[in-house]
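Worth knowing before you read on, the calculation uses all heavy atoms, side chains too, and leaves out hydrogens, waters and symmetry mates. Numbers restart at 1 for each chain; the letters A, B, ... are given by sequence-line order, proteins then strands.
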Amino acid sequence: MIDLAQLRREPEFVKAALARRGVELSTMDEIIGLDAEHRQLLQEAERLRAEVKELSRQVGEARRNNEEDKAEELTSTSRELGDQERMASQRVDAVAQDLREKLLMIPNIPAPDVPDGRDENDNVETRRWWVGMDQGAAFPTYAAHQRVPHWDIGIELGILDLESGAKLAGSMFPLYRGAGARLLRSLGFFALNAHMADYEEIRPPSFALTETMMSTGHLPKSVDDMYAIERDDLWAIPTAEVPLTSMNRDEILEESQLPLRLTAQTACFRREAGAAGRDTRGLLRVHEFDKVELFAYCTPDQAEAAHADILARAEGLLQALGLTYRVLDLCTGDLGTSSARTVDLEVFSPGVDRWLEVSSVSWFRDFQARRANVRYRTAAGTTALVHTVNGSALAWARIWAALVETYRLSDGSVKLPDVLAPYMGDQLTITKKGS
RNA sequence: GGAGGGAUGACAGAGCGGCCGAAUGUACCGGUCUUGAAAACCGGCGUGGGCUUGCCCACCGUGGGUUCAAAUCCCACUCCCUCCGCCA
């Protein structure tokens with residue numbers, strides 16, 4: 001949620017910044033108007049309430065002095081004022097709710113250096129990485145045997161069974177088997193081991209309350225992309241960011257605890273309602289995938305370094321896996337609701353011949369902290385909202401795809417990179433059954 | 001799922017419907033004393049919001065209700081603890 005006080009203080013700045021993301025000026029003016037109305041009504045209601053309280057106090061005093069007539073008179077005056085106060089408060093509540101609903105739909109103010117743009121086509125590619133690049137090697141050329149899409153490799157090697165997945169849960173719910181399932185497990189283990197020295201490992205619930213989903217900004221705006229378990233008023237989490245952000249909801253952290261860094265691997269559920277029919281083949285876009293998330297609560301001063309650390313870790317894993325990737329600076333039009341700045345990592349999939357998003361590293365400023373009410377006590381003794389930063393490292397379904405394509409050999413088998421040897425053991429090379 | 005008990009400030013723990021935003025203790029911060037420290041003593045010590053910056057308002061698990069007035073009474077819900085049942 002954006003800062004109402006800031007909107008009051010510098011409305012033109014906020015409006016201009018949000019206009020870059022396509023927020024209508026009239027929407028902001030409406031909010032400014034509601035805020036003014038709210039405060040005016042609030043004053044009136046509070047004035048009445050103060051009077052009722054004062055009269056009530058006097059009633060008690062009169063009773064103690066056995067002044068029954070006076071008490072009776074004060075009571076009836078107070079009763080009348082009380083009725084007025086109730087009505088005034090109802091008006092306050094109505095406006096406050098309206099204001100809050102509108103405010104929840106407003107996205108975060110983008111960082112000044114976020115490039116302008118309408119959609120993902122305007123994202124700015126800042127750099128690429130591939131094996132041997134630092135030694136001057138040219139961008140890799142992929143051989144014909146690497147130009148096979150992972151869904152074909154999956155069937156050929158018996159490690160990805162999309163049909164069974166569809167049979168169980170519908171399309172876009174993948175089922176991995178054998179070495180394919182083990183590869184997925186290995187990737188999570190590999191990443192968590194890499195982070196655990198500096199990030200506390202968390203295993204959160206896979207479902208969250210509505211309130212929890214609100215704190216990250218996934219609700220109310222993206223309702224259609226979330227899986228709902230209506231009977232129990234729960235939602236399937238779309239990312240570990242949701243539980244991690246709310247872990248310290250309504251709490252005040254000590255500045256000495258910051259940055260508080262957490263990591264978690266969870267299943268991530270996404271309905272992909274707006275993407276029906278797009279990129280549906282194989283693992284390009286699925287309803288459920290595993291992802292390791294890195295997360296930090298920090299002070300404003302620590303945010304930049306925390307963001308850089310997460311990005312470096314995500315890149316470090318991609319480099320360790322020897323996958324080609326590129327780094328994108330997301331434009332204003334493609335930024336997630338809650339984010340002030342996001343850097344995406346896209347891995348190159350030679351078999352599909354496309355770049356696939358496998359990480360999104362975001363700085364939310366205090367936008368999520370304001371919703372979740374996560375604060376810290378400063379050295380001066382005051383409280384302030386924390387900044388939240390998070391990023392994937394990494395989302396495994398697409399990594400799985402890029403790995404089996406990149407490391408496919410001419411005989412059709414897949415020889416995975418050595419970093420996975422501790423986890424894959426004797427299955428580092430995946431061959432056709434019976435061959 | 002059934003029965004009972006509980007939820008108050010950082011923690012512990014009081015609180016006949018009316019000067020209760022809340023006693024007291026501990027912790028914490030400052031001061032006196034001391035060579036220093038401890039002890040003792042003195043003072044301070046919740047979070048938000050509004051505006052005329054001095055005041056006002058809200059918050060005692062959550063949401064309703066009763067009342068001139070609710071931490072205190074009533075109703076519903078949530079969570080925690082104990083016991084029973086079921087169960088990976």
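When heavy atoms are screened at a 4.0 angstrom cut-off, A/Arg8 is found touching the sugar-phosphate backbone but no base atom. Across all strands shown, A/Ser56 has heavy atoms under 4.0 Å from base atoms, whether or not it also approaches the sugar-phosphate. Residue contacts shown for A/Arg63 include a base, since a base heavy atom lies under 4.0 Å away. Here A/Arg49 lies in heavy-atom contact (under 4.0 Å) with sugar-phosphate atoms only. Among the atoms of the strands shown, none is found under 4.0 Å from any heavy atom of A/Gln58.
OP1 or OP2 of B/C68 has not a single side-chain nitrogen or oxygen of A/Arg57 nearer than 4.0 Å. For the OP1/OP2 pair of B/G48 and a distance below 4.0 Å, the side-chain nitrogens and oxygens of A/Arg375 include at least one atom meeting the criterion. Between A/Lys53 and B/U67 there is no side-chain polar atom (N or O) within less than 4.0 angstrom of OP1 or OP2.
You'll find that the side chain of A/Ala50 is closest to B/C57, out of B/A69, B/G18, B/C57. The side chain of A/Glu61 lies closest to B/C19 when the candidates are B/U47, B/G50, B/C19. Nearest nucleotide to the A/Thr383 side chain, out of B/C57, B/U47, B/C51: B/U47. For A/Glu46, the side-chain atoms get nearest to B/G49 when compared with the rest of B/C19, B/G18, B/G49.
Aromatic ring centres of A/Trp400 and A/Tyr176 lie closer together than 6.0 Å.
Between A/Tyr227 and A/Phe173, the two ring planes are tilted [angle within 30° to 60°].
Comparing the C1' positions of B/U8 and B/A14 gives an interatomic distance of 10 Å, to the nearest angstrom. Spacing of P atoms, B/C19 relative to B/A58, comes out at 14 Å, to the nearest Å.
Nucleotide B/U78 holds its P atom 12 Å from the CG atom of A/Leu209, rounded to whole Å.
A/Leu317 pairs with exactly one of A/Leu394, A/Leu345, A/Ile399, A/Val419 by the side-chain contact (heavy atoms from CB on, under 4.5 Å) rule, that one being A/Leu394.
Contact annotation: side chain of A/Arg39 to base of B/G49, donor-acceptor pair absent below 3.5 Å.
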